[in-house]
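The block underneath contains the structure these notes are about, expressed in structure tokens.
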Amino acid sequence: MMHLDLHSTSLVAALVVFAAGSTFLLETVTRRDSGAGRYWAASFLTGILTVFCYLVWAFERSLWGAVAVGNGAFAAQMGLMWLGCRVFNGRLGGLPRMLTAAASLIVFAAALLDGPEGGDWAGAPALFAAIVVLASLGAVESRRGALRRAFSAIGLTLVLSVAAAFYAGRAVVFLIVGPESALFREWFDTNATSLLTAALTVVAVVSTSVLRLQSLGAPPPTLELRPADASPRDPLPRHVFDVVLRDLVSRARDVEADVAVIAFRIEDLRALSAAFGPAVTEPIESGWRSSVRRHAPLDAAVGHLDAHTIAVSLVLPDPGEGIRVAQHVQRCLLDDLLAADDVVLPTVGVGVAVSAGATARARALVEAAREAAGRSASSPDAEVALTEL
């Protein structure tokens, strides 16, 4: 294997990661992405931080703390990539986020404990273990749920699988024969890792960019309109729904009332369109949002979460009311879809998140409802899924 100067390969990796990651970050900001793309953007941002820290270390050996920061950011990068996959599949929960944060802190602390004597390999065993575990979890998640049905997710699976395999091999060689061995220097040293990182970053950016477009689809025109310009028959744009929900949660907290967010997620439209043609899916695409709004309670707020998910927020007179409302709207939505001629029913996942007003948080309710809808969509009979916060 050809050996390049350490500074040269570090610069090449930094430029590639910075250029590719910045492109994805810019797209995230301009599209106002609030789903999986938000986590993937954070992953690329921590990747930029990682290569910057390693670049600082490569040029200035007295700044040994840069290795610790870079290692922690690297672990966070893999964890955030995994979390983005879970969000795409509608399965994000508190435990995965805690695991990612814990892994990053442990890796960071391990490098700090080794101190300046650790050199290039400060905290390396902890870093290698974290990368293997988090990248493996991400690779498995990329073959589940909605990602399994998305062809472009294969690139993401490849990236995470190669990263897990490479760092597993790197860890084995590091622990058995050491970083000074000919085998390690030939295949697993910093030069080889930098070049591999640059290549995998390009593939990851392409794959996640396509996946984000598939997730967002062609956004409904109302998503970018001001409330005054939007049709009164359309669900609220996401940013308006967020404001309404925060106000509802705040008022419910004052009177200690239960709050619910019900998420309705429609699946399989792309697969159905490919199999049966757009003539079959166009009535579904144009009608399901208004159907949810029409059958939701009159005092509920109905708004977009993304192009495939509509949410209903309401105050509950009793804890069981959320499930009853969700089941009623689900039945009415399916009846409306069946009323169309030559319709093929898509999968409709329905998730309910309920929280006592005293402890309710708007963002937690939205994420829990979205995750529950993902569980519902992946269940055999698409039953309403409930999460109590």
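The basis for the numbers below is simple: all heavy atoms, side chains too, and nothing from hydrogens, waters or symmetry mates.
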Salt bridge (Lys or Arg N to Asp or Glu O under 4.0 Å) between Asp189 and Arg170: does it pass, once the steps are laid out?
-> CA-CA 9 Å; Asp189 69 350; Arg170 200 179 193 203; over 6 Å; no
More than 12 non-hydrogen atoms from neighbouring residues, nucleotides or ligands closer than 6.0 Å to CZ on Phe52, yes or no?
-> no
Closest heavy-atom contact between Leu314 and Ala300?
-> CB-CB, 4.0 Å
Counting distance only, does the side-chain N/O of Ser207 pair as donor-acceptor with the main-chain N or O of Ala204 below 3.5 Å?
-> no
Report yes if the side chains of Leu196 and Val162 come closer than 4.5 Å at any heavy-atom pair, otherwise no.
-> yes
For Asp336 and Trp288, test the side chains for any donor-to-acceptor distance below 3.5 angstrom and give the result as yes or no.
-> no
Which residues pass the side chain to side chain contact (heavy atoms under 4.5 Å, CB included) test with Gln330, sequence neighbours left out?
-> Leu334, Val350, Val384
Polar side chain donor-acceptor pair, Tyr54 to Asn71, under 3.5 angstrom = yes
Go through the steps for Glu367 and Arg38 under the test salt bridge (Lys or Arg N to Asp or Glu O under 4.0 Å), then give the verdict.
-> CA-CA 13 Å; Glu367 293 297 339; Arg38 180 178 58 185; 3.0 Å; yes
When rounded to the nearest 0.5 angstrom, what is the spacing between CD in Glu371 and CZ in Arg265?
-> 12.5 Å
Within one Ile-Leu-Val-Met-Phe-Trp-Tyr cluster: Val172 and Val132, side-chain cutoff 4.5 Å = yes
Exercise: identify the closest heavy-atom pair between Ile131 and Ala163 | CG2-O, 4.4 Å
Just by modelled atom types, is the Asp306 backbone N or O under 3.5 Å from a matching donor or acceptor in the Thr309 side chain?
-> no
For Ala171, enumerate each residue passing the side chain to side chain contact (heavy atoms under 4.5 Å, CB included) test, keeping only those at least two apart in sequence or located in another chain.
-> Phe128
For the side chain of Thr157 and the backbone of Ala153, is there at least one donor-acceptor N/O pair under 3.5 Å apart?
-> yes
Between the side chain of Trp82 and the main-chain N/O of Leu134, is any donor-acceptor distance below 3.5 Å?
-> no
Looking only at heavy atoms, what is the nearest atom pair of Ala135 and Met78, with distance?
-> CB-SD, 4.1 Å
Any donor-acceptor pair under 3.5 Å linking the side chain of Thr23 with the backbone of Ala19?
-> yes
For Ser43 and Gln77, indicate whether the former's side chain and the latter's backbone hold a donor-acceptor pair under 3.5 Å.
-> yes
Please round to the nearest 0.5 Å and tell me the distance separating atom SG of Cys85 and atom CZ of Arg143.
-> 9.5 Å
Nearest heavy-atom approach of Ala66 to Val56 is CB-CG1, 4.2 Å
Please determine which of Val259, Val261, Leu365, Val243 meets the side chain to side chain contact (heavy atoms under 4.5 Å, CB included) test together with Leu248.
-> Val259
State plainly whether one hydrophobic cluster holds both Leu160 and Val133, where clusters connect Ile, Leu, Val, Met, Phe, Trp and Tyr through side-chain heavy atoms under 4.5 angstrom apart.
-> yes
Which of these passes side chain to side chain contact (heavy atoms under 4.5 Å, CB included) with Phe188: Phe174, Tyr167, Phe166?
-> Phe166
Between Pro235 and Arg293, which heavy-atom pair has the shortest distance, and what is it?
-> N-CD, 4.1 Å
Smallest heavy-atom separation, Gly155 atom then Val203 atom, equals O-CG1, 3.9 Å
Across all chains, not counting sequence neighbours, the side chain to side chain contact (heavy atoms under 4.5 Å, CB included) partners of Asp114 are Ala122
Would you say the side chains of Ser378 and Arg144 form a donor-acceptor pair under 3.5 Å?
-> no
Kindly write out the residues that satisfy side chain to side chain contact (heavy atoms under 4.5 Å, CB included) with Glu117, not counting sequence neighbours, or none if the list is empty.
-> none
Kindly indicate whether the side chain of Asp258, heavy atoms from C-beta on, has any atom under 4.5 Å from the side chain of Val315.
-> no
Is there a donor-acceptor contact under 3.5 Å from the side chain of Arg375 to the main chain of Leu386?
-> yes
What pairs with Arg251 under salt bridge (Lys or Arg N to Asp or Glu O under 4.0 Å), at least two apart in sequence or on another chain?
-> Asp247
Hydrophobic cluster membership, Phe74 vs Phe108, 4.5 Å side-chain cutoff = no
Between Arg238 (side chain) and Leu305 (backbone), is there a donor-acceptor pair under 3.5 Å?
-> yes
Residues 152-167 vs salt bridge (Lys or Arg N to Asp or Glu O under 4.0 Å), sequence neighbours excluded, gives none
Report the C-alpha distance between Arg363 and Asp242 in whole Å, list the side-chain angles of each, state the deciding distance to 0.1 Å, and finish with yes or no for salt bridge (Lys or Arg N to Asp or Glu O under 4.0 Å).
-> CA-CA 8 Å; Arg363 177 172 292 185; Asp242 285 343; over 6 Å; no
CD1 of Ile310 to CD1 of Ile266, rounded to nearest 0.5 Å, is 10.0 Å
